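Below you'll find the structure, written out as structure tokens, and then a few comments.
Please read all numbers here as calculations on a predicted model, not as lab measurements. We name chains A, B, ... by the order of the sequence lines, and we start the count at 1 in each one.
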Protein chains: 2
Amino acid sequence: MLELAVLGLLKEQPLHGYELKKRLSDALGLLWGVSYGSLYPALRRLERAGAIEVVEAPPADTPAAPMPATGSIGGEAAAARMRRLGKVSRRTRKAYRLTTRGEQMFGELMTSDTGPGADDERSFALKLAFCRYLPVDARLELLERRRSDLAARLSRARGSRSGGDHYALSLLEHRRKSTERDLEWLDELIATEREARAANSPQQGATA
Amino acid sequence: MLELAVLGLLKEQPLHGYELKKRLSDALGLLWGVSYGSLYPALRRLERAGAIEVVEAPPADTPAAPMPATGSIGGEAAAARMRRLGKVSRRTRKAYRLTTRGEQMFGELMTSDTGPGADDERSFALKLAFCRYLPVDARLELLERRRSDLAARLSRARGSRSGGDHYALSLLEHRRKSTERDLEWLDELIATEREARAANSPQQGATA
DNA sequence: CTCTCGATATATCGCCCCGATATATCGAGA
DNA sequence: TCTCGATATATCGGGGCGATATATCGAGAG
């Protein structure tokens, strides 16, 4: 799960742990605030698996690892000043870059079906956030698999006879409605996606 | 989290692990299917903490632990038959009973504020499921705390300017609407609760 | 000028939860 | 008889989380 998030973020550009944490908590903070206690072990796992590799980031004069000027890593000027003063500070800062193996792993994770588990929602939201990296057919498959999962859950919810007090009943009902809304939303997404596919490759309808 | 669920179920009657698992997965399975890998350690923790204690459940002729006839623990007839035949089978079956300390811990867990964390929703749903054991004021506090948490999340969601592609935007928007629905639902619950309180003790409005 | 404070940055620890798996008994039916 | 599914308890590895430790750096207070 976390692996996928990291891989997805690193597809754009190399980043170091702190920045990854911020992006996962803020930008992708739709749901889910990742902790260092999971992030750094995840980075080590990915490194061990050969999916990412360290690039020596720091002082701006290292041409080997050109970090984008878009403030993602600050402090280069300061580091340069220190070096001029004869100090070697260089606080430990490692940036990670996606390898070919990492790209491959990203693709596998994006299309793998972990089955409806506990963090269903997180998992789907994450995949949706990186949906743009998938070919159109894979996008549709992702959306439709989610749709069928939710539909199954809904019919299960409808089937179970109500046991419990007022509060439990109300919660159950609210969640049922909520799932229905989710399905409607998914249907919209699917429709949009189908239109886009039809517009981009209309010959598919004629040849197949 | 799991502790609270176990404690809550044991308030009704003593149960053994397997039955607890079933009830947590089915009856309370609104969300959340607990695994043995968490349940048995949780039982051990609770036992260590003195919140629950083992009652020797099995063969129906043990008057010390009168299990309710409501099929929660089956197999007594079979066990009796075996005993008649001279066999001592007695497959290991331990039922757990809530202690006074356990009742106390339940109260603490129900009213404690873990703050908006990851399993926000689970936690609230769980507390709502056992809401009936709380005094009315505590119920209202529970509902209102949840309301303020959701309201905070909503305003945060509204505040963050949209960054991301079509999919991320759509997801964000959908989740925003979803939270709004949740708030409406909570408001209904709160209103109902207030009416109930007013009906049960109308003098409160006059004396205070 | 110094001192502290908050942001930057990496890393680890213990705890909880989960899925998978092992083990064993028992009733029902092939 | 033999297998299958339900009953029942337990453990293992691994991931995620909150808390915490450590260290540097820029900025503002005194």
Side-chain angles (χ1 to χ4, degrees), chain A residues 1-6 15-22 24-25 32-48 54 57-59 71-82 85 87-96 114-120 122-123 126, chain B residues 1-6 15-22 24-25 32-49 54 57-59 71-82 85 87-96 114-120 122-123:
Chain A
M1 271 248 29
L2 223 190
E3 269 94 339
L4 178 56
V6 170
L15 295 169
H16 53 257
Y18 189 79
E19 183 65 22
L20 279 168
K21 163 77 157 71
K22 269 203 302 187
L24 286 170
S25 298
W32 197 11
V34 168
S35 70
Y36 290 120
S38 14
L39 178 59
Y40 284 106
L43 285 173
R44 258 179 269 121
R45 284 197 304 273
L46 286 171
E47 205 181 348
R48 229 187 309 136
V54 178
S72 64
I73 298 186
E76 283 81 358
R81 210 179 308 130
M82 296 219 58
L85 292 171
K87 304 206 180 186
V88 210
S89 99
R90 277 272 209 147
R91 56 210 251 230
T92 54
R93 280 158 89 238
K94 293 188 279 186
Y96 297 90
T114 56
D119 21 50
D120 241 1
R122 280 187 181 188
S123 176
L126 192 56
Chain B
M1 272 250 26
L2 226 190
E3 270 94 338
L4 178 56
V6 170
L15 294 169
H16 54 257
Y18 189 78
E19 182 65 22
L20 277 168
K21 163 77 156 71
K22 270 204 303 188
L24 286 171
S25 298
W32 198 13
V34 167
S35 70
Y36 291 120
S38 15
L39 179 59
Y40 283 106
L43 285 173
R44 259 181 267 120
R45 284 198 303 274
L46 286 171
E47 204 180 351
R48 230 187 309 134
V54 177
S72 65
I73 298 186
E76 282 82 357
R81 211 178 307 128
M82 296 219 58
L85 293 171
K87 305 206 178 187
V88 211
S89 102
R90 276 274 209 145
R91 55 211 251 236
T92 55
R93 279 159 88 239
K94 293 188 280 186
Y96 297 90
T114 56
D119 20 51
D120 241 4
R122 279 189 181 186
S123 176

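Nucleic acid contact for Gly37(B): base, since at least one base atom lies under 4.0 Å from a heavy atom of the residue.
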For a side-chain contact (heavy atoms from CB on, under 4.5 Å) check, start with the C-alpha distance between Leu39(B) and Tyr18(B), then their side-chain angles and the critical distance, and finish with the verdict. CA-CA 9 Å; Leu39(B) 179 59; Tyr18(B) 189 78; over 6 Å; no
Carefully, step by step, assess Tyr96(A) and Leu15(A) under the rule side-chain contact (heavy atoms from CB on, under 4.5 Å). CA-CA 6 Å; Tyr96(A) 297 90; Leu15(A) 295 169; over 6 Å; no
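For the residue pair Ser25(B) and Gly33(B), the shortest heavy atom distance occurs at OG-CA, 4.1 Å. Between Leu43(A) and Gly17(A) the shortest heavy-atom distance is CD1-CA, 4.2 Å.
Looking at the side chain of Lys94(A), the nearest of the listed nucleotides dT10(C), dG16(D), dT12(C) is dT10(C). Of the candidate nucleotides dT7(D), dA8(D), dC17(C), dA8(D) has the atom nearest to the side chain of Tyr40(B). Listed candidates were dG16(D), dA8(D), dG19(C). Nearest to the side chain of Ser35(B) is dG19(C). If you check dA9(C), dA8(D), dG16(D) against the side chain of Ser38(A), the one that comes closest is dG16(D). Ranking dA8(D), dT8(C), dC17(C) by closeness to the Tyr18(B) side chain, first place goes to dA8(D). Here dC17(C) is the nucleotide among dA11(C), dC17(D), dC17(C) with the atom lying nearest to any side-chain atom of Leu2(B). The side chain of Arg93(B) lies closest to dT9(D), out of dT10(C), dT9(D), dT12(C).
For dA10(D), the OP1/OP2 oxygens have no side-chain nitrogen or oxygen of Tyr36(B) closer than 4.0 Å. Taking side-chain N and O atoms only, Arg45(A) has a distance below 4.0 Å to OP1 or OP2 of dG16(D). Close to dT11(D), at under 4.0 Å from its OP1 or OP2, lies a side-chain N or O of Arg44(B). Between Trp32(A) and the phosphate of dC17(D), there is a side-chain N or O to OP1/OP2 separation shorter than 4.0 Å.
For the atom pair CG (Leu4(A)) and CZ (Arg122(A)), the distance works out to 13.5 Å, reported to the nearest 0.5 Å. Rounded to the nearest 0.5 angstrom, Leu2(A) CG and Trp32(A) CH2 are separated by 4.5 Å. Of the inter-residue distances, the one linking Lys21(A) atom NZ with His16(A) atom NE2 reads 12.5 Å to the nearest 0.5 angstrom.
Counting to the nearest Å, the P atom of dC16(C) and the CG atom of Leu4(B) are 14 Å from each other. Rounded to an integer number of Å, the gap from Leu126(A) CG to dG16(D) P is 11 Å. Put simply, CG on Leu43(B) is 12 Å from P on dT11(D), counting in whole angstrom units. In this structure, CE of Met1(A) is placed 13 Å from P of dG15(D), rounded to the nearest angstrom. Rounded to whole angstrom, the span from the CZ atom of Arg122(B) across to the C1' atom of dG16(D) amounts to 12 Å. In this entry the distance linking CG of Asp119(A) with P of dC16(C) reads 19 Å, nearest Å. Remark: P of dT10(C) and CG of Leu39(A) are 9 Å apart, rounded to the nearest angstrom. The NZ-C1' distance, from Lys21(B) to dA8(D), rounds to 12 Å in whole Å.
Overall, the helix from dC1(C)-dG30(D) to dA30(C)-dT1(D) carries an axis bend of 10° between its ends, with five pairs at each end and the value rounded to 10°.
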